[in-house]
S.K.: 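Just passing along the structure, written as structure tokens.
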Amino acid sequence: MLYDEEHLTRIADLKVSLLLIKTKINNLAELEADLQTELQTLSGRYDANVKASTDSDADYAAEVVDARVDSWANEHSSLGANIREGFKRLADSIDESQGTFQEQLNSLSETRLGNLIDEIDAHERRKREILQEAVERQESDSSLQGQIQSLSEASLQTIVMISEIKESLREIKKEM
């Protein structure tokens, strides 16, 4: 049974696609690890502030002022604003990374589809070439068959003529 080659995908192309997707997933995993570190840092600061608030000798105002400054040295109006802004930045970063990943995935898909279309076109051209060659061979075979038939008939006629000549020569020999 012949395969419909226009629906076949080369394994090498699938491996390339898989490698690109795996790389993007690894990049997302690295981003997630960075985000987890940031969350742990914020959580540690929060825990330290809560612990400091139970210490009678602690300078609570200094702790709160320190917590209002984020990792980028931006001062916020309150500790809560700093935390909310930090989470917003993290969420924006995740959204941006996902958007970039989606764009790259779309681009990869479009490229792969373009390659598949080119391959299908090449297979179709080759299929037409093979069909044309088959037609030419059939025509050539028919022509050769006709020539063989003509040669066979000529050979038979020659054999018949030789046989008649032999018979005539025998009769002439008998008369002599």
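Only a predicted model underlies this, so the values are computations on that prediction, with no experimental measurement involved.
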S.K.: When you compare the side chain of Asp92 with that of Lys88, does any pair of heavy atoms fall below 4.5 Å?
M.R.: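 Contact flag for Lys88/Asp92 side chains = yes.
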S.K.: To the nearest 0.5 Å, what is the distance between NZ (Lys166) and CD1 (Ile159)?
M.R.: 10.5 Å
S.K.: Would you say that more than 12 heavy atoms from the other residues, nucleotides or ligands in this model lie under 6.0 Å from the CD of Glu85, or not?
M.R.: yes
S.K.: Per the side-chain contact (heavy atoms from CB on, under 4.5 Å) rule, which among Leu39, Leu31, Asp34 passes with Leu90?
M.R.: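 The option that passes is Leu39.
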S.K.: To the nearest 0.5 Å, how far apart are CD in Gln104 and CG in Leu20?
M.R.: 9.5 Å
S.K.: With distance as the sole test, does Ser109 use its side chain to make a donor-acceptor pair with the main-chain N or O of Leu105 at under 3.5 Å?
M.R.: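 Looks like yes, one N/O pair under 3.5 Å.
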S.K.: Could you check whether any side-chain N or O of Ser150 sits under 3.5 Å from a backbone N or O of Gly146, counting only pairs where one atom can act as donor and the other as acceptor?
M.R.: yes
S.K.: For a quick test of reading the model, state the closest non-hydrogen atom pair linking Ser78 to Arg84 and the distance between them.
M.R.: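 The pair with the smallest heavy-atom distance is OG-NH2, 4.1 Å.
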S.K.: When you compare the side chain of Glu38 with that of Leu35, does any pair of heavy atoms fall below 4.5 Å?
M.R.: no
S.K.: Answer whether the closest heavy-atom distance between the side chains of Ile130 and Glu133 falls below 4.5 Å.
M.R.: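 Of all side-chain heavy-atom pairs linking Glu133 with Ile130, none is under 4.5 Å.
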S.K.: Do you know the tightest heavy-atom contact between Asn82 and Asp70?
M.R.: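 So the minimum-distance heavy-atom pair works out to OD1-CB, 3.2 Å.
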S.K.: Run the side chain to side chain donor-acceptor pair (under 3.5 Å) check on Glu153 and Gln149 step by step: do they pass?
M.R.: CA-CA 6 Å; Glu153 289 174 4; Gln149 184 68 29; 3.3 Å; yes
S.K.: Do Gln102 and Asn106 have side-chain atoms, one donor and one acceptor, less than 3.5 Å apart?
M.R.: yes
S.K.: Given the rule that I, L, V, M, F, W and Y join up when any side-chain heavy atoms are under 4.5 Å apart, are Ile94 and Ile83 in one cluster?
M.R.: yes
S.K.: Starting at NE2 of His76, measure out to CZ of Arg68 and round the result to the nearest 0.5 Å.
M.R.: 11.5 Å
S.K.: Could you go through the side chain to side chain contact (heavy atoms under 4.5 Å, CB included) check for Arg89 and Asn74 one step at a time?
M.R.: CA-CA 13 Å; Arg89 282 187 181 199; Asn74 298 321; 3.0 Å; yes
S.K.: Just by modelled atom types, is the Glu139 backbone N or O under 3.5 Å from a matching donor or acceptor in the Ser143 side chain?
M.R.: no
S.K.: For Ser17 versus Arg112, what's the shortest heavy-atom pair and its separation?
M.R.: OG-CD, 4.2 Å
S.K.: In Å and rounded to the nearest 0.5 Å, what is the NZ to OG distance from Lys24 to Ser97?
M.R.: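 Rounded to the nearest 0.5 Å, the NZ-OG separation comes out at 10.0 Å.
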S.K.: Around Glu129, counting heavy atoms of other residues, nucleotides and ligands shown, do more than 12 lie under 6.0 Å from its CD?
M.R.: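 It does: Glu129 CD has more than 12 such atoms within range.
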S.K.: Look at the side chain of Ser107 and the backbone N and O of Glu103, then say whether any donor-acceptor pair between them is shorter than 3.5 Å.
M.R.: no
S.K.: Residues two or more places apart in sequence or in another chain: which of them pass side chain to side chain donor-acceptor pair (under 3.5 Å) with Gln40?
M.R.: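 In terms of side chain to side chain donor-acceptor pair (under 3.5 Å), with neighbours along the sequence ignored, Gln40 is linked to no residue.
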S.K.: Looking just at side-chain N and O atoms, do Gln132 and Glu136 make a donor-acceptor pair shorter than 3.5 Å?
M.R.: yes
S.K.: Between Arg170 and Glu167, is there a side-chain N and carboxylate O pair less than 4.0 Å apart?
M.R.: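 The answer is yes: the pair qualifies as a salt bridge.
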S.K.: Once rounded to the nearest 0.5 Å, what's the spacing between atom CD of Glu110 and atom CG of Leu108?
M.R.: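 Result: 10.0 Å between the selected atoms.
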S.K.: Could you measure the distance from the CG atom of Leu42 to the CG atom of Leu79? Nearest 0.5 Å is fine.
M.R.: 9.5 Å
